[in-house]
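Following: one structure in structure tokens, then a few remarks.
Keep in mind the model is a prediction, meaning the values are calculated, not measured. The chain is numbered in sequence order, starting from 1.
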Amino acid sequence: MKTEITNTKHLNILGNGDSLSNREILTAFLKQFRQKLGYYSIFAAFPAILTSFAQEAQADEAKKPEVSVAGQTTRLLERVNKRSGKPEFLRRRSNFLLPHQKGNFDITSVLAGGDNCPGNPIPAGTYTAAAPYTDTGNTTGANNTVDRLISYYYYYSYSTSADGPDQIYSFTLTGRGSNPEIQVSATSATYRPMIYILDSRFDERCPAGTNNFASNLLSISYAPFPGAAAFLNSQLINHLPLNVPLYLFVDSPVSGANDSGPYRLRMQDVSIALSPPPPPRTKFDFDGDSKADISVFRPSDRVWYLNRSTQGFSATQFGLSTDKITPADFDGDGKTDIAVYRDGVWYWLNSSNGSFNAVQFGLANDIPVPADFTGDGRAELAVYRGGNWYTLNLANSQSRAVQFGNATDKPVVGDYDGDKLADFAVYRDGVWRLSRSQRGFTAIQFGLPTDKLVPADYDNDGVTDIAVYRDGIWYQLRSQSGFAAFQFGLAADVPAPADYDGDGKADLAVYREGIWYLLQSTNGFAAIPFGLASDKPVPSAYLP
């Protein structure tokens, strides 16, 4: 395996004055450009990459000699004719050809995947240790789709070789058991396997062609010597996003005698989906029609009054007048659930079946901030306490604690990098401090200490936008369309931004003495009387 460490702050695409080919200049420029984008999951892959550095380090990769187009075509045809991850399958298939197919067996039309992106889909199902998913294949003669993996950590880029031919699988992870694992075992003494997972959410996805370098690496592992196994353990798999299409590569870190061979794939304690992931959930949508509903909680009678855009009016008594309202989708059915937080206990009604739930998680003075931190489509129980975040995954009862912020900060949880995972974020004296799951830490000065905070996705790109409300003016720093300011409301109004018309963009909205004033991005202005002056508008539940 070849390993390179480069200080990307001093990357010179002109090669210190050397005469370079157009392709070399373009390649260097692309590497620098992708580093600046920062869309990489180094935190999941970095431990494995460091291990690979400790095991083996070599000099910079030697320049490959240029070849003619004719030579490239000849070798490509040779690889196509040899390409097959399942020769035994092809031999069996030849026994069942129809008469018109005899003598005209086209191997390239049969193999529509395997060693080409997007690869072979892994069947949907829940696979356990007792009943795992297994498959066999052979990388001999396959394409070398990816030969270089790039990861970033602070100002440094880490380059890991993937020089062998590769076989590719595609899958969507929807759940994890207590001991998830992906293992690839070499079934010959000469093959040194390597496995890694690429993310589908960023520009590179699963690259086309051959000899690509990939910067969308999530997890990686390789066998320490030929004939051994490579596996992703539970720690690495728990970092993988849920409900996101992923690509699993069976590859090798070396080029030469040990770069290919037969293998056996085994996956356990994972749930796999065949269909694409569900669309993003709309917050404060009680009937599942992708539109936020005008809704209030009335402390005086402890009733939730909902004006649902599809299912109409409903009234449900739930909670005490002193409760903190915590509406969120806790059961993953796409509908917001009625919920409250009281003295460290969460109470909610599942919209999927009407069942009542009560879970002790937190302390009386904690700030409840439920959100989907794992990407499984269900909000986790989460509280903010003195600079610490505590979350509880209801699907597997796993909890975690993360230190980010201080005692006086205001939590402003949201998905600030568009990876469908909620990020830890705080607001302090006009500065937004974000711990983004894919793009890391950043601090942005935007607003005044006395502003009302109204983060939401105002431009429909899947990224929570930084925004504040001040004296009736909305100031937004939108991730796609930049800065904007809108006069809409009065200083004493309660801001309640949400997507009321279902176009994917959060709308400007304020609540004033029982009247809702909406400035919808598609449906325009509306004034709707619903509620009393003392009611709490539900879409403002988590606004500091």
Answer whether the closest heavy-atom distance between the side chains of [X] and [Y] falls below 4.5 Å.
X    : Y    : answer
I168 : C206 : yes
S435 : F404 : yes
P370 : Y542 : yes
P455 : W432 : yes

Distance only, no hydrogens: is a donor on one side chain within 3.5 Å (strictly under) of an acceptor on the other, for [X] and [Y]?
X    : Y    : answer
T464 : D415 : no
T145 : N143 : no
S159 : R148 : yes
R400 : Q398 : no
N144 : T210 : no

Of L173, L240, I237, the residue whose pairing with P180 passes side chain to side chain contact (heavy atoms under 4.5 Å, CB included): I237
List in chain and number order the residues that pass ring pair (Phe, Tyr, Trp, His ring centres under 6.0 Å) with [X], two or more places apart in sequence or in another chain; answer none if no residue qualifies.
X    : result
W389 : Y384, F424
F171 : none
Y416 : none
Y247 : none

Tell me every residue that passes side chain to side chain donor-acceptor pair (under 3.5 Å) with [X], counting only those two or more places apart in sequence or in another chain.
X    : result
S234 : none
D457 : none
S481 : R478

Partners passing side-chain contact (heavy atoms from CB on, under 4.5 Å) against D331 (at least two apart in sequence or in another chain): D329, D333, D337, N350, S351, S352
Which residues pass the side-chain contact (heavy atoms from CB on, under 4.5 Å) test with A443, sequence neighbours left out? V431, R433, F441
List the residues meeting salt bridge (charged side-chain N to carboxylate O under 4.0 Å, His left out) with R264, not counting sequence neighbours, and say none if there are none. none
Which salt bridge (Lys or Arg N to Asp or Glu O under 4.0 Å) pairs, counting each pair once, include a residue from residues 377-395, with sequence neighbours left out? D366-R385
Any chance you could measure K505, atom NZ, to D461, atom CG, to the nearest 0.5 Å? 10.0 Å
How far does OG of S252 sit from CG of D147, to the nearest 0.5 angstrom? 12.0 Å
Residues, nucleotides or ligands: over 12 heavy atoms within 6.0 Å of F231 CZ: no
Ring pair (Phe, Tyr, Trp, His ring centres under 6.0 Å): pairs with one or both residues in residues 131-151, sequence neighbours excluded: Y127-Y133
